[in-house]
Each structure stands twice: as C-alpha cells, then as structure tokens.
Amino acid sequence: MAESGVSEDREPEYRYNAALAQKIENKWQKKWDDEGTFWAANVKGDLKDGKGRNADGRAPYFVIDMFPYPSGKGLHVGHPLGYIATDVVSRYHRMKGENVMHALGYDAFGLPAEQYAVQTGQHPRITTEQNIANMHRQLHRLGLSFDDRRSFATTDMNYVRWTQWIFSRIYDSWYDPEYVRADGGKGSARPVSELIGKFRSGAKQIPGFEGRAWDSLTEEEQSDVLNGFRLAYISKSPVNWCPGLGTVLANEEVTAEGRSERGNYPVFQRELRQWSMRITAYGHRLIEDLDMIDWPEKVRLMQRNWIGESHGASVHFAVPTAAGERDMEIYTTRPDTLFGTTFAVVSPEHPLLADVPDAWEEGIPDAWKGGYATPKEAVHAYRLQAESKTAKDRVAEEGDKTGVFTGLYAVNPITGARLPIFAADYVLMDYGTGAIMAVPGGDDRDYDFAVKFGLPVIYTLQPTPESGETLADYEGKSAYTSHEGTIINSRVESTEVGGDTLDLNGLTVDEGKDRTIAWLESRGVGKGTVSYRLRDWLFSRQRYWGEPFPIVYDENEVPHLVPDSMLPINLPDVPDYQPRTFDPMDAESNPEAPLSRNPEWVNVTLDLGDGPKKYHRDTNTMPNWAGSCWYYMRYIDPKNAENAVDPEEFQYWLGPNHNATAGESGGVDLYVGGVEHAVLHLLYARFWHKVLYDLGFVSSPEPFHKLFNQGYIQAYAYTDSRGQYVPAAEVEEHKDGTFWYDGQQVNREFGKMGKSLKNIITPDYMYDTYGADTFRVYEMSMGPLDESRPWNTRNVVGAQRLLARLWRNVVDENTGEVTVTDDELDEKTAKLLNNTIAEVTVEMENMRPNTTIAKLTVLNNHLTSLAAVPRKAVEPLVLMLSPIAPHICEELWTRLGHEESLAHAPWPVADQRFVGVDTVTAVVQVKGKVRGKLEVTPDISEDELRDKALALPKIQELLGGNEPRKVIVKAPKIVSIVP
RNA sequence: GCCCCAGUGGCGAAAUAGGUAGCCGCAGCGGACUUAAAAUCCGCCUCCGGAAGGAUUACGAGUUCGAGUCUCGUCUGGGGCACCA
C-alpha cells in the first residue's frame, strides 16, 4: 500500500484498494455520526430534530431488521445480509425524501448470555454489555445508516420497566368475545375491572359460583375466578418440562421429536403451576388479519397451520355411572358421521376416569382389559404408563394404538346406541375436549384402534360413482377418509329417542354436517364450535437472566399486581444465577427458579394501597420472547419515561395508512428477518400488539405490515478422508474440479458457516481485505435477497473491480485529480443512462439489489469505454449506487464538487426523451424456431412487419413458394409463421 | 403420511400478463500494455459439430403459432406440520 512501501512496484497513491477504501469509510462513518446524517425526525419532543429535516410534510418510512441477540461469538459474513438489505432500502427511501426510521436494538436477555456468564464467571449484564459493544463495533464498520440515538437493549432497566408494564396490562385484562371494537370487529381485550362490574351487576354469571353475589366471595375465590379470565394467568396444567435445561418451555420451543429446540434435551409433559398467556382467545383474529398484511404466503400459511382453526361440533354424550349420570362432551369436525361412531375414546387424563366402575362386566373381551382385574386398575396403570412416556416416545409409537377399556359406556345422543369408552393416549387432553367419538369407518386412527380391539366398523359415506371406487374397496381394509361421496346408513326414526327424525342419507358431507348441527342444537345436545390447534402460550421460565414478573403473593398465595409506580422490578444479585438443571431423563425433577435464592429480594413489605403488608415475589422470569414482542415501537422514543410509546408518535410512524403503502393494518413498513421466526416471535408479537390495540395503547391492528424473509449465506466446508473438517480457506481447487488440502484430496460439503466447520469468514476480514463497500456490493450482488446462496470469497473481486472502475472513471489514480468532463452526453450514453435510471428505480422499489448492480455495472462499463467520462452521466450513477456502496459514493460526490452529503440528495429521475429504444430486433419464427431477425423501429405496424418478415429470403426458402397457413404478428417483437 | 417451495452454462445467476434463454459477475481461453509479473484495457466463452446445422432451462407427456414461464405425471433437493378428532 502507498504509505508503507518504498519499492518501485508500489501502487498509485490514489488507487481504490483496501487501504484507500478503509480510509474513505472511516472518514465518512465519523462524519455521518458527527453530523447526525441519519437522524429520523419525530413529530415532537427530544427526537424532533432531524438535522434540518423535520417530520412535517414528509412521509414516514419505518424499516427494521429482526434485532440481534448479541452473542459472545462475534459475527460471520452471513449475519449482516439482512442489515445490508434494510440499509440499502433505507438509503433509497431517504433519497426519495422520506423520513426514514432505521434503528437497531439488542435482544439481550436469554440463555446464551447466562451460559456464557456462567463460563466466564461474570454477571450476565457485564458480558451482555461487552457483547453488545463488540457487535456494535462490527456493524458500525459496515456503514449502516442507523439513528443511533434510538438504540437500546431489552435488558435496559428503562425498557424492562415497560415490558413489565405491558405484562401488567395483559394480566389486568380479559377477553370479552361480545365487545364490539371501534373498528367494527367483535371481541376485544378489556380491563378486568369491567369483568368485575359484570359480575357485580349480575350481567355475567360467576363460573363455579353461579347465583352468588360477587362481593360475597372471599378474596381467594375472587382471585381464582378472575384467573380463569385473565389474558395472563397462572394455572396448573400439563406443560413441557425440560430437566436438562431446568426450565419449562412453550410448545413453539419444542421440536417435532419432543425435544428442546435449544440443546436438544428430552421434554416431558408435567402438571406444573405456571404462567400462560391466553393467545388462544386471539386465534381467529390472528388468522383473519393475515389477509391485511403483506407477508410471504409461506409464512402466512405456517401461521394458519400453527393456529389450526377447525370448524366442527361439540356433542354431549350421556355416561351412566355408579355415582349417577355424567356428561361427556366430545369435539368432532365431522358431525355428519355420528351414525358411524361405534365407540368413544378419552385421553388418559380425562376427568371422567374418576368414575370408572369397580368391576368388569360379564363378557368383556380380555384384550380390552389390558390384563388387569378391574377397570380402575387398568385405567390407573395405563395412565401411569402414558405419563412416563416422553413426547418423543409418543411420536415414535404413532400408528401403534394402545388403550384400555374403562368399563364405561356412552349413549349416542342421536341413535341411543351404547358405545364402550376406551382410554387411549392417541387422544390428547389439551385438544378439543379430550374425548372423541370414534368413527372407524371414516378415520384411519379409529380404524386401527377398532381392528386392534375388535370393534365394529360402520361406513356412513359412499364414494361417488365418478370416482370409480366402491365401499367394497375399503371394507375390511381401511377407513374411507375422503370427504367426497354420498351419506348412507344415517337415518333415525323419531320414535327411537323422541323428537324429529334425522335423515342424512343421500346428502353430501357439508349438507350432513349442517343438518346434524341444526338437529343437535335444536335438542340442546350439541352445537357448532370452532377448535384450535394453538395452545395458550406458556410464559414463565426458571431462569435468572430475564424480566421478573411484576407480581407478588400475599400470605394466602393470592397474586397481586405490583403498581406501575413501583416498576421496574430489578433483578436481584443472587449468590448463584446458574439454572438448576437435572439429569435430562429425570422427569420427576422439579423446576427451581434462580431468583428464589435471594430471600431478601423475594420477601418484601409493600404498601399496595391498603397499608404495608408482607408479600413474596414471583420468582419466575419471562421468556426471551417478551422483549422482542414490542421493541419495534420503542425505537420511536426509547427513553420515554411517560409511556411505552407515545400515541401521537405511534400514529405518525406506525398508524394505519401512515404512508401510501401502509394500509389499514399500519405497522412497520418493512421488516426483514429469517423465516425461522414464522410461528414464534411473529405470532407472539402480533398477539401482544393486538392486546395493546384493543386496550387503546396503539392505533394499528398489526405490528408489521410488510415482512421479507432474507435467505441465508451458506458456505462450503471440506472434510478429509477421516471425515475431519479442514480449514476451508486453505483448500485449493484443481482444474479438474477436485479439492485439495495439504497434499490430500478433500470432500466438499455445503451448508452453514460455523466454527466447527472451519469455514468462517468474518466481516472484519472483509473490511481489512476489501473494505466495507466491496463487502456490501458483493453480498447484494450474489443473488435474490430471499434465496440462500453460497459464499465464495474468490468472487468478491468482481465487486471490488466494479468500485475500482467507478473510482477511476472519476479520479486519476496517480494524481487524485477529478477527470470528468462537463460536456453534453452523446446520444448513446444519454439513452443508456436514462434507461438505466428507469430500470434501476423499478429494481430498487422491488428490493432487487442484485439486478440493480448488474444494470449499474453495464452503465459503468460503458463510461469506462469513453474517452472522457461525462459528469452528467457519472453523477447519477454515483447517486444510484450510493445506497449499496455509500462510502465510496459519498467520497466521489464530494470530489465532484458537492458540499452536502448525498444521503438526502434526490434520487435521479429519468429524462423521458431518452427512455426507450430506436430500433428493436424483431424475431421471425417458423414453427416456433427462430429463422430470421429484423431491425425495426418500435412503432412499426403489424402489416409492415409481416410483409418484411415474409420477404426475407430465408423465410421464402422455408416456405418453398407456398402461402403460409397462418402468420401471427406481435409488433414490434415477433412474427410467427405456420407454413 | 399431509401441506408448501425450488431444480437454467464449469460456478453465482438474469429473463415469467407465454414471445430472441443465459444480462452482470467469477473461473477459463486469446490479445494489447510490461524486461517480467501484478494491475488495467480489448475480445472469446451453454453443449455437439470443421462448417452448415442441430440440441438445450431435472425427466416424461400435454395445451399453444410459440413454454424456463401454463396443466398433468415422475424424480431430486429444501422447508413446515405430524395420533389435532
């Protein structure tokens, strides 16, 4: 490099190499920081100052990334892909004159920080701060145009305070399904005080205390009743207990194999008292409102499937027991098959099993008894067996049906038939009602079970004649699970059970469903219902490094909300913040919250409005997702001490229709992140947002209007003959396509970048070797943003050549002088320039930086070929490339004589006089094959083009003197001839 | 098992209201400049063929004057869900 060398072969002083790039980049990063170039302007308050550009009259544009978790490992080149993409978009929108909100915070609570802290022996807050500082350094060096005044971490006590405040609002709310919202929709979160009002006035029955006056209930009773309605509630219910991690987990954090997503430990179903959020209350709205947001169809589909709304009916079956008649409610999506049900199945945890008889009836087959002397023993043993299974075991045994007869019978409410009730673990307690009517003729699982236990099979649907199938194809072999067909065997006379005749024969499935539901409802034995696959969100964790709950318990264990004025509740210093973990297979272990280890913090005397009393704090912490549920709105005003978010600012930045594209949903204009959060963060955040919307704290129904999933940067890794990874950077490719390391041939694999794969490239390496701009151009040119692509350092030189060539087009490498001319553009250059402006604008609007770069490269290469580079062409080129390579473009812009940063310079507009082409190549096809080409004007008439095409000697020859049968002309591009 | 997405040169990839397949870049080849190399600049670069020509967007059919693009089937890869009644 210039300053280091004295040798004769040193490079020209002003050559655009890594050293010069670094100098330019550092200069501009400092300047941007000093001048507040990227400050976004609020409507009012401390952040109103946008450095001469205020919010008035400027459209807001809110673009963010899924904020990072600052791990101690540092970044590799795959991490910043999304950040570069949003930065390009941000810079483009600034040049369009918009008020761009672009900031980055840190999602800093969570397991890795805690584990890293355990390893290093430092408090998680210290390691977290170090990690944030390091990540900030690495990202800052990329020249990302963030408004740094708006950055924060979820661990900042000023943020924790508001996370706790939002929890308090959710805790203090219930879901009123009848409430008509201001937007016209039905159902809304409402303050619990309204619910109490309804109980007091008698407008609503008190569940469990029907007929009692609210004020006659004890405090404990009132607390229990309200707990059954609160959107954040404590309950003892089956949860995912992970001994290996020492904490409980949400369903979304457990893999299909029944293991923890983090750490891959076994997960057990345990009845534990834990916090949940009533996200199921929002199931329907979370599906319905997917229609108003601009998200990838794939993600919307994943959310729909995850929520899993199904429409069916709940049906009551009477169950006679020794202690009297019990009611068994089942859920079915196929009420039309009620005539085909031949037995019933309840889950092993079902409450009905408390009433199983003491002895087997005469004539019960041995296979039903499971080898036990009485139903009680059989059911008890089966239940224990089911509980001891991990979720993984259950999955592994799928298809292999187990179960035991309960000795109980249910009465089919339509036919009066007596159906044996079995307990089996293929029926889940937490879906539907935990009980099913089994229809072996129409359901594969029920069929398997019927075969195993020798139960009858009735088919109630006959395949349509058009299908070419008959029931004979199924009888004795399998269930007929299709919905296509005609209902049979489904008629009951009124005399059998009284009331109306029900006759479904001859109907379709949908008709049969409707008629059955109407019949059930008219007789009060069932009704149409909606069921969800989605479960309530398990919200507590036994962790140190998370937000404490703003909840204390009195001496009677009645929970009380800590008043807002006492927030935030800080984390205590505990002697040992390590989570208590257990043998991963020890299902009997119990969670132990680290916060419980500091009695001085746990036991407090507080005045909650009725004088000082003793309380103890909740010792759980919130899951990592809590902080990420609302961070986007905090960028608006991260230091606001009055509100989580100011309503007026929210309306300006994120309200419905806040700009031309925001739509009714409002929310973040562009949200870029990985698809792995499709049903975790993105579902939880929508849920919180909707609660805040219902309660009037935010004005948009959705948090993120447009979502974009960036692809991943993948990398090659190489293994030697023993399967060991070898350093990828030292592998050489031979001409025959083989790969060699240290004299040995090695195998190439393709996948992630990772330390263990020895193929990590760090951003720092890229800054040192090429500069940040080259790195940015390379990442943006690799391919479409939403697709994954392999990293190949060898290809980076192409990006570097583009920038170096642009530099040379403006600056003399030896003297540093600007060499552009002020001459008018020649015709060819003018046309290319203006066509490029028109095309690149479209590419930028559609987030296609790869094709943007290709088109700008063509323009740049053209300028290179000219004797002198005209200012009037290179200036727009510099402007257009600046969102992608901002530093070099700022430097060139300055050298071209501009005093202001180009960050807010207007995006070039194409001169329409030069847009379009003089001539186009028309193609002449015969039988679909290209047989000739014609240079024609774009406005050529169809007749003229047809005549010219037919006059071509080649075409004449192919026609052999015959008249063509048909000629299709699409002027000016194509003539297609059928001989 | 069910649902969704993808498959284009040696490589990363362009091009879809159906209209010249392969923009741009990497690698490679040739040339200019240089004592030489690097850098730079110019040219070639899907495959077969000397050429004429032919073939070609995973594979096989179909619709069409015309298919990378639409339809059906198959294969391969990736993702989601998975005893959800």
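Note that the structure is a prediction, hence the values are computed from the model and not measured. Per chain, numbering begins at 1; letters A, B, ... match sequence-line order.
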Among A85(B), C3(B), G54(B), which is the nearest nucleotide to the side chain of Leu301(A)?
C3(B)
Write down the distance separating the C1' atoms in A13(B) and C45(B), rounded off to the nearest Å.
16 Å
Considering only heavy atoms from C-beta outward, does the side chain of Arg848(A) approach that of Leu785(A) to under 4.5 Å?
no
Regarding Arg304(A), tell me which of base, sugar-phosphate or nothing describes its non-hydrogen contacts under 4.0 Å with the strands shown.
nothing
Nearest of C83(B), U20(B), G25(B) to any side-chain atom of Val923(A)?
U20(B)
Partners of Tyr431(A) by side-chain hydrogen bond (donor to acceptor under 3.5 Å, both in side chains), sequence neighbours excluded?
Ser310(A)
Does Tyr474(A) have its ring centroid less than 6.0 Å away from the ring centroid of Tyr480(A)?
yes
Could you list, one pair per line, each protein nitrogen or oxygen that sits under 3.5 Å from a nitrogen or oxygen of nucleotides 64-70 of chain B, together with the distance?
| unit_1 | atom_1 | unit_2 | atom_2 | d |
| --- | --- | --- | --- | --- |
| C65(B) | OP1 | Lys966(A) | NZ | 3.2 |
| C65(B) | O2 | Ser976(A) | OG | 2.3 |

Using atom C1' in both nucleotides, what's the gap between U20(B) and G68(B) to the nearest angstrom?
14 Å
Between A85(B), C23(B), G54(B), which one does the side chain of Val427(A) approach most closely?
A85(B)
Whole-angstrom distance between C72(B) and U63(B), as gauged at atom P:
15 Å
Integer-rounded Å distance: U40(B) P and Asn17(A) CG
12 Å
Test salt bridge (Lys or Arg N to Asp or Glu O under 4.0 Å) applied to Glu935(A) and Lys948(A), step by step:
CA-CA 10 Å; Glu935(A) 286 298 311; Lys948(A) 279 195 169 179; over 6 Å; no
Does any part of the side chain of His311(A), heavy atoms only, come nearer than 4.5 Å to the side chain of Thr333(A), both counted from C-beta?
no
Quick one: side-chain hydrogen bond (donor to acceptor under 3.5 Å, both in side chains) partners of Arg535(A), sequence neighbours excluded?
Asp430(A)
Can you tell if the side chain of Tyr382(A) reaches within under 4.5 Å of the side chain of Asp425(A), non-hydrogen atoms only?
yes
Encode nucleotides 5-16 of chain B as B, S and - characters from 5' to 3', where the letter depends on protein heavy atoms closer than 4.0 Å: B to the base, S only to sugar-phosphate, - to neither.
-------SSSS-
Taking A61(B) as the reference, what is the distance to G66(B) when you measure between their P atoms (whole Å, please)?
16 Å
Assign each of Trp306(A) and Thr333(A) the nucleotide of RNA chain B bearing its closest heavy atom; nearer the 5' end lies the nucleotide of Trp306(A)
May I ask you to evaluate whether Arg300(A) reaches the phosphate of C4(B), defined as a side-chain N or O under 4.0 Å from OP1 or OP2?
no
Under 3.5 Å for both pairing distances: what stems, at least three Watson-Crick or G-U pairs long, include RNA chain B?
B:1-7 with B:75-81, B:10-12 with B:24-26, B:28-32 with B:40-44, B:46-48 with B:53-55, B:58-62 with B:70-74
Does Tyr331(A) put a side-chain nitrogen or oxygen below 4.0 Å from OP1 or OP2 of A85(B)?
no
Using a heavy-atom cut-off of 4.0 Å across all strands, would you classify Lys954(A) as base, sugar-phosphate, or nothing?
sugar-phosphate
Whole-Å distance between G25(B) C1' and Phe775(A) CZ?
18 Å
Report the distance from atom CG of Leu20(A) to atom CD of Glu813(A), rounding to the nearest 0.5 Å.
10.0 Å
Measuring only the P atom in each nucleotide, how far is C2(B) from G19(B)? A whole number of Å is fine.
34 Å
Does Lys929(A) make a side-chain N or O approach to OP1 or OP2 of U20(B) shorter than 4.0 Å?
no
Between Arg808(A) and C41(B), is there a contact of a side-chain N or O with OP1 or OP2 at under 4.0 Å?
yes
Quick one: closest heavy-atom pair of Gln714(A) and Ser788(A), and the distance?
OE1-CB, 3.7 Å
Phe449(A) and Phe422(A) aromatic centres sub-6.0 Å
yes
Between A82(B) (P) and Asp443(A) (CG): distance, integer Å:
17 Å
Atom-pair distance (CD1 on Ile307(A); P on A82(B)), nearest Å:
14 Å
Does Arg801(A) place a side-chain N or O at less than 4.0 Å from the phosphate oxygens OP1/OP2 of C24(B)?
no
Nearest-nucleotide check on RNA chain B, Gly308(A) vs Lys973(A); residue mapping nearer the 5' end is Lys973(A)
Looking at side-chain heavy atoms only, is the closest gap between Asn747(A) and Tyr718(A) below 4.5 Å?
no
Any side-chain heavy-atom pair of Leu290(A) and Leu286(A) under 4.5 Å
no
Using the P atom as the point on both nucleotides, what is the distance between U69(B) and A32(B), in whole Å?
45 Å
Round to a whole Å and report the spacing from CG of Leu338(A) to C1' of A85(B).
12 Å
Indicate whether any N or O donor in one side chain lies under 3.5 Å from an N or O acceptor in the other, for Asp773(A) and Tyr778(A).
no
OP1 or OP2 of G25(B) versus the side-chain N and O atoms of Asn861(A): is any pair under 4.0 Å?
yes
Sticking with atom P, work out how far A14(B) lies from G7(B), rounded to a whole angstrom.
10 Å
Nearest-Å distance for atom pair CZ/P, residues Arg805(A) and G25(B):
7 Å
Whole-Å distance between C81(B) P and Leu683(A) CG?
12 Å
Taken to the nearest whole Å, CD1/Ile884(A) to P/G25(B) is 15 Å
From the options A85(B), U20(B), G25(B), select the nucleotide whose nearest atom is closest to the side chain of Ile436(A).
A85(B)
Counting only side-chain heavy atoms from C-beta out, which of G80(B), C81(B), C83(B) sits nearest to Arg533(A)?
C81(B)
What pairs meet the side-chain hydrogen bond (donor to acceptor under 3.5 Å, both in side chains) rule with one or both residues in residues 858-867 of chain A, with sequence neighbours excluded?
Arg805(A)-Asn861(A), Asn809(A)-Asn860(A), Asn809(A)-Thr864(A), Thr829(A)-His862(A)
Spacing of the P atoms in G22(B) and U56(B) (rounded, Å)
16 Å
